[in-house]
There are 2 protein chains.
Amino acid sequence: MSFFSKSCEYALRAVFYISRSTQEGKKVGVKEIAENIQSPEAFLGKILQRLSKEGIIQSAKGPNGGFFVTEENIKRPISDIVLSIDGKALLTGCGLGLKECSEDKPCPLHHYFKDIREQLKGMLDNITIDQFNNDLIKGKVMLRK
Amino acid sequence: MSFFSKSCEYALRAVFYISRSTQEGKKVGVKEIAENIQSPEAFLGKILQRLSKEGIIQSAKGPNGGFFVTEENIKRPISDIVLSIDGKALLTGCGLGLKECSEDKPCPLHHYFKDIREQLKGMLDNITIDQFNNDLIKGKVMLRK
DNA sequence: ACAATAAAAGATATCTTTGTCTTTTATTAT
DNA sequence: ATAATAAAAGACAAAGATATCTTTTATTGT
């Protein structure tokens, strides 16, 4: 159990790669993305298809086609990506799966979980794709191996 | 994606139920536990088998047998249970699955994740089974529906 | 010793996630 | 128009998580 599913990790990394490519003025194909973020190509294709359908990224078919992002796209928080792929499960419900756990009748871990969730949510909601990407470009970290 | 796997949730709930039963002076069988924590009986059996093998709980075969906990068992933190079932994945590695993410070359979310992990870890390490269970008994929350 | 009980162990089934392969559709350049 | 390109779509495969069923082993009370 990690925070995000494999699909979601691929999605996040892919969107960052696409954003960077858009900034460099070019669209990128699944193959190039997959190679650079270390993900299975066809599987990533499905994920990008979905993100594209939901308007989180854009796509163009045919020669010189590929994936890219708009100005609007990169202003969105990264929670868009996480919600689109993993849904809201991580941010809701009792951490122990207790049915009767609620604000009124909280399980002993309820408030801890609440804090943690809020931190997570804060992080995902407040960091935009753009912001993340700029930090990446600043050379603080590499996307590929 | 939730924090814990289904197995782990069952494990946590089961251990709490067993602890309570031990406090009431009785051993409990898989069937009773499963009914009371809403989990599939045979599947839970496997999980308890594992927890028992790892010394997190105790078991006795035969008539009047069942699962129970020792004084030592309930002094252990609930992280024992989580680690035993889900492993340490939740508490390690880059949240985005980035290979080159580290303290030296952190990804933009690295420090956020670090904080969240530490909070999670703190919670799991510092709350004992006993403590959790007493809070449960105080009626703050119900284990079953 | 024997019957009853309950966990341990092993085999098997189902569902979800992850991953692959093939065909179709849209776009572009010639 | 045609060929080439690249995403979209659909069908299929493999692996892991979840769940069930049957047999074995250990223990207890009679």
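Throughout, a chain's letter reflects where its sequence line sits, starting with A, and its residues are numbered from 1.
For A:Glu24, the salt bridge (charged side-chain N to carboxylate O under 4.0 Å, His left out) partners are A:Lys26, not counting sequence neighbours. With sequence neighbours excluded, no residue satisfies side-chain contact (heavy atoms from CB on, under 4.5 Å) with A:Lys75. Partners of B:Glu103 according to the salt bridge (charged side-chain N to carboxylate O under 4.0 Å, His left out) rule, which considers only residues two or more places apart in sequence or in another chain, are B:Lys114. By the side-chain contact (heavy atoms from CB on, under 4.5 Å) test, A:Gln58 pairs with A:Phe68, A:Thr70, A:Asn73, sequence neighbours left out. Judged as a salt bridge (charged side-chain N to carboxylate O under 4.0 Å, His left out), and not counting sequence neighbours, A:Lys53 has no contacts. Taking the salt bridge (charged side-chain N to carboxylate O under 4.0 Å, His left out) definition, one finds that B:Lys61 meets it with nothing, sequence neighbours left out. The side-chain hydrogen bond (donor to acceptor under 3.5 Å, both in side chains) test applied to A:Glu9 returns no partner, not counting sequence neighbours. Contacts of A:Ser21 classified as side-chain hydrogen bond (donor to acceptor under 3.5 Å, both in side chains), with partners at least two apart in sequence or in another chain: none.
Spacing between atom CZ of B:Phe43 and atom P of C:dA8 amounts to 16 Å, rounded to whole angstrom units. Taking atom CZ on A:Phe67 and atom C1' on D:dT5, their separation rounds to 13 Å, with Å as the unit. Distance, A:Gln58 CD to C:dA26 P: 18 Å, rounded to whole Å. The CZ atom of B:Phe68 sits 13 Å away from the C1' atom of C:dA6 (whole-angstrom rounding). Rounded to whole Å, atom P of C:dT20 lies 11 Å from atom CD1 of A:Ile47. Taking atom NZ of A:Lys31 as the reference point, atom P of C:dC21 lies 13 Å away to the nearest angstrom. Between the CD1 atom of A:Ile56 and the C1' atom of D:dA7 there is a distance of 17 Å, rounded to whole Å. Atom NZ of B:Lys26 and atom P of C:dA6 are 13 Å apart (whole Å).
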Considering only distance and modelled atom types, tabulate donor-acceptor pairs under 3.5 Å from the side chains of residues 77-86 of chain A, sequence neighbours left out.
unit_1	atom_1	unit_2	atom_2	d
A:Ser79	OG	A:Leu124	O	3.4
A:Ser79	OG	A:Asp125	OD1	2.8
A:Asp80	OD1	A:Arg76	NH2	3.2
A:Asp80	OD2	A:Arg76	NE	2.7
A:Asp80	OD2	A:Arg76	NH2	3.3
A:Ser84	OG	A:Glu54	OE1	3.3
A:Asp86	OD1	A:Ser5	OG	2.5
A:Asp86	OD2	A:Ser5	N	3.0

Contacts under 3.5 Å, N or O only, protein and nucleotides 9-12 of chain C:
unit_1	atom_1	unit_2	atom_2	d
C:dA9	OP2	B:Lys53	NZ	3.4
C:dA9	N7	B:Lys46	NZ	3.3
C:dG10	N7	B:Lys46	NZ	2.7
C:dG10	O6	B:Lys46	NZ	2.9

Could you list the protein-to-nucleotides 26-30 of chain D atom pairs, N/O on both sides, closer than 3.5 Å?
unit_1	atom_1	unit_2	atom_2	d
D:dA26	O4'	B:Lys61	NZ	3.2

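Looking only at distances, no side-chain donor or acceptor of B:Arg13 sits under 3.5 Å from a matching main-chain atom of B:Asn36. B:Ser52 places no side-chain N or O within 3.5 Å of a backbone atom of B:Leu48 that could act as its donor or acceptor partner.
A close approach under 4.0 Å does not occur between any side-chain nitrogen or oxygen of A:Tyr10 and OP1 or OP2 of C:dT18. Within the 4.0 Å cut-off from OP1 or OP2 of D:dA8, at least one side-chain nitrogen or oxygen of A:Ser59 is found. Put simply, B:Lys27 has no side-chain N or O that comes within less than 4.0 Å of OP1 or OP2 on C:dA6. Phosphate proximity of C:dA8 to B:Ser52: present, with a side-chain N or O under 4.0 Å from OP1 or OP2.
In summary, the side chains of B:Gln38 and B:Tyr10 do not present any donor paired with an acceptor at a separation below 3.5 Å, with no hydrogens or angles considered.
Which of C:dT18, D:dA7, C:dA7 sits closest to the side chain of A:Val30 comes down to D:dA7.
Contacts with DNA chain C (heavy atom under 4.0 Å) in residues 79-93 of chain B: none are found.
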